[in-house]
Amino acid sequence: MSLKIYNTLTNEKELFVPIHPGKVGIYLCGPTVYKESHIGHAVGPVIFDAFKRFLCYKGFKVMLIVNITDVDDKIIDQAAAENCNVRELAERITRQYLDAMAQLGVTGIDQMPKASEHIPDIINLIERLINKGSAYVSGGDVYFDVMRFESYGKLSNRKMEDQTGRREVLGQGKRHPNDFALWKSAKPTEPAEVGFDSPWGRGRPGWHIECSAMSMKYLGDTFDIHGGGMDLIFPHHENEIAQSECCTGKNFAKYWMHNGLTRFNTKKVSKSDPEMQRAMEKMTLSHLLNTYGGEMLRFFILSTHYRRPIEFSDTEMESKQKSLNGFYRLFDRLERLTSHSPYDEKQPTLHKPQVEIYPEKHHAFIQDILVMRNEYLDMLDDDFNTAGAIGTLFKYSNSINRFLDQNQAETIQDETVRFLALSAARSLVEDARVLGLFVEKPPKTSDHAPDHLREDLIGLLVRLRADAKKDKNFALADRIRNELSTLGISLVDHPGGTQWTFADR
RNA sequence: GGCGACGUGCCCGAGUGGACUAAGGGAGCGGUUUGCAAAACCGUGAUUCGCCGGUUCGAAUCCGGCCGUCGCCUCCA
């Protein structure tokens, strides 16, 4: 089966045919770095990282670009509020964002261009637009002239007439209310570090132009897929299309993929919504990664189809955590049985030609697994249905556990059964890795163990030893004292009880 | 006001014309197993997919209307 994806431009599921056979260029709109990133900012990168892995699995050579918008009004405002340097703020937030991406296993981004480092490209693009008559200078500002782009509104299905109903406000020096800034002149109150020299005086780029400049720089005038959150369709992506296509005279992106927005209490998670601000603490990436870990968050995001809204809540996170643990337990079970880990790439997966080498009574199980592999990949081919694909991963897990139970794998030493199950689990892991799941074995020790755990455990042993002494089981009592001693903990009995100390104290 | 999305069992969530007698997960209940517990496994749950009409041999799935929730039109992943 071949890949179909839903294209916002046509409002249809389309067969995916890359512009250049075998190669795919993807541009995803990244964050504006002015406040700590929240769960919503992880959705796009996780989905597109997983999508890239899937495309690579299918044999495409993929270039994935995610931008960082580090020149923007909001960064200036926030820096002023925090009384810090604009560049420093942007860099700090960017570092946090990159750290979160690493924890989420987002490894597929080839370039993360920053707006501030592409000012010449942006200026060049604006100049071309002015020369073509699609943009005009007004004071120190430059505006895009939407009347010059016939198909303005083709992405968001908006008609020009509809627009004027709500906001009649004709911006300072704008010819049409929908005209948007390509270049904004510097204001006297703004800090010096946010200004750049341009043919129109000192200033900085408008919001949409950096994405046009950077996407075309890295992927060419026309590229395969442009992605982002659904809230960007208008005006951001609409404006990107307008300015890019006016400039080059060519189609901009062939497919537009928009992910659903994350909600909390049915409302969109947003940095700028004051009501959301109060709940934001538990939705920042740093908090979520600390409490749940990267794989769990990734699993959570991919458990919903990308075009749907994700309903975030702690109870749902906990529910998902439990289901994810089921996979870990299965992997542990196989490791106990075979002394090999399903994470180990040297262990074989299940393949069709292998069927005959196993006894006939196991053929049904093998068939089962092979069917699931196909089902899994079919799901991903159908508009990248990761939710459905993860559903089949659960079926895999159930099937393997059942096979082990039925063959009493723990009590009957049947290496065929055990290693067949291991191979099946290896297939599961390999399939999951197409989405970037189960790439690495999670650490066994809990990072969240409280500091007092060590003391509590010693206390427990001391109490058990007291019970042993009461039962006159002095052999056990002495053993506990001796073994603790070799661990550097001395136990000293007093009439009132037992006192323990670390030997080095 | 304009544009758009969504409404599936207790919760989450796939399915978008026939294999749906609606996947899967979490919770619940009953069972197998177990010294006990946990885990695992088995069984159980929507005669029904917001409501009302229509198209069709056939609809959760297409069309129309209504209700509800949310998003965009100002900054947003």
Here the residues of residues 301-309 of chain A within 4.0 Å heavy-atom distance, strictly under, of RNA chain B are A:S303, A:T304, A:H305, A:R308

Expressed as a whole number of Å, how far does the C1' atom of B:G9 sit from that of B:C49? 10 Å

Name the residue closer to the 5' end of RNA chain B, choosing between A:T315 and A:E375 according to the nucleotide with the nearest heavy atom. A:T315

So, is A:K322 near the phosphate of B:A27, with a side-chain N or O under 4.0 Å from OP1 or OP2? yes

Does the side chain of A:N401 come under 3.5 Å of the side chain of A:R329 through a donor N or O and an acceptor N or O? no

Any ion pair linking A:R87 and A:D70 (charged N to carboxylate O, less than 4.0 Å)? yes

If you draw a 6.0 Å radius around CD in A:E150, do more than 12 non-hydrogen atoms from other residues or ligands fall strictly inside? no

Please list, chain by chain and in numerical order, all residues satisfying side-chain contact (heavy atoms from CB on, under 4.5 Å) with A:D145, sequence neighbours excluded. A:Y136, A:M147, A:R148, A:R175, A:D179

C1' atoms of B:A46 and B:G15, separation to the nearest Å: 14 Å

Whether A:E335 and A:K441 form a salt bridge (side-chain N of Lys/Arg under 4.0 Å from carboxylate O of Asp/Glu) is what I want to check. yes

Per-nt protein contacts along nucleotides 32-43 of chain B (heavy atom under 4.0 Å; B base, S backbone sugar-phosphate only, - none) come out as -------SBSS-

Taking any heavy-atom pair under 4.0 Å as a contact, classify A:L261: base, sugar-phosphate, or nothing. base

Close N/O contacts between protein and nucleotides 61-68 of chain B (under 3.5 Å):
none

Find the distance A:L232:CG to B:A5:P and express it as a whole number of Å. 17 Å

Rounded to whole Å, please give me the gap between CE in A:M296 and C1' in B:C12. 12 Å

Between NZ of A:K395 and P of B:A23 the distance, given in whole Å, is 9 Å

Measuring only the C1' atom in each nucleotide, how far is B:U8 from B:G2? A whole number of Å is fine. 30 Å

Heavy atoms only, 4.0 Å cut-off, all strands: where does A:D73 land among base, sugar-phosphate and nothing? nothing

So what does the secondary structure string of RNA chain B come out as, 5' to 3', with Watson-Crick or wobble pairs under 3.5 angstrom, [ ] for crossing and | for pairs with another strand? ((((((((.[[[..)..(.....]]].(((((.......))))).....[[[[[..)....]]]]])))))))....

Mind checking side-chain contact (heavy atoms from CB on, under 4.5 Å) for A:E14 and listing every partner two or more places apart, or none if nothing turns up? A:N7, A:T10, A:Y255

Rounded to whole angstroms, how far apart are CZ on A:F312 and C1' on B:G71? 20 Å

Proximity of A:F403 and A:H362 rings by center, below 6.0 Å: yes

Do we see a donor-acceptor contact under 3.5 Å between the side chains of A:Y218 and A:D110? no

Separation between the C1' atoms of B:G71 and B:G26, rounded to whole Å: 28 Å

Rounded to whole angstrom units, what separation is found between the CG atom of A:D231 and the P atom of B:C73? 8 Å

B:G28 and B:C66: how far apart are their C1' atoms, nearest whole angstrom? 36 Å

Let me know the distance between CG of A:N7 and C1' of B:G4, rounded to the nearest Å. 16 Å

Between A:K267 and B:C70, does any side-chain N or O lie under 4.0 Å from OP1 or OP2? yes

Integer-rounded Å distance: B:A5 C1' and A:N11 CG: 11 Å

Mind checking if A:G30 touches a base, just sugar-phosphate, or nothing, with heavy atoms under 4.0 Å? sugar-phosphate

Holding to side-chain contact (heavy atoms from CB on, under 4.5 Å), I want the full list of residues that pass it with A:T304, two or more places apart in sequence or in another chain. A:R308, A:I310

Roughly how far apart, to the nearest Å, are B:U48 and B:A37 at atom P? 39 Å

Please report the distance, rounded to the nearest Å, between NZ in A:K320 and C1' in B:C11. 10 Å

With heavy atoms under 4.0 Å as the rule, sort A:G40 into base, sugar-phosphate or nothing. base

Residue pairs fulfilling salt bridge (charged side-chain N to carboxylate O under 4.0 Å, His left out) with at least one residue in residues 286-301 of chain A, sequence neighbours excluded: A:D49-A:R298

If the plane angle is over 60° it's perpendicular, under 30° parallel, otherwise tilted; pick one for A:H258 and A:H237. tilted

A:F394 or A:V269: which one's nearest nucleotide on RNA chain B is closer to the 5' end? A:F394

Under the ring-ring contact (aromatic ring centres under 6.0 Å, His included) test, which residues partner A:Y343, sequence neighbours left out? A:F331

Any residue meeting ring-ring contact (aromatic ring centres under 6.0 Å, His included) with A:Y97, in chain and number order, not counting sequence neighbours: none

Restricting to side-chain contact (heavy atoms from CB on, under 4.5 Å), what partner residues turn up for A:S286, sequence neighbours left out? A:E36, A:T284

Spacing of the C1' atoms in B:C73 and B:G65 (rounded, Å): 26 Å

With P as the reference atom in both, quote the distance from B:G53 to B:A59 in angstrom, rounded to an integer. 14 Å

Look at the side chain of A:R158 and decide which nucleotide, out of B:G2, B:G26, B:A77, has an atom nearest to it. B:G2

Quick one: is B:C72 close enough that its OP1 or OP2 comes under 4.0 Å of any side-chain N or O from A:K268? yes

A:K322/A:E318 salt bridge by N-O under 4.0 Å criterion: no

Enumerate the ring-ring contact (aromatic ring centres under 6.0 Å, His included) contacts for residues 26-48 of chain A, please, sequence neighbours excluded, ordered by first and then second residue. A:Y27-A:H226, A:H38-A:H41

Does A:T32 place a side-chain N or O at less than 4.0 Å from the phosphate oxygens OP1/OP2 of B:A77? yes

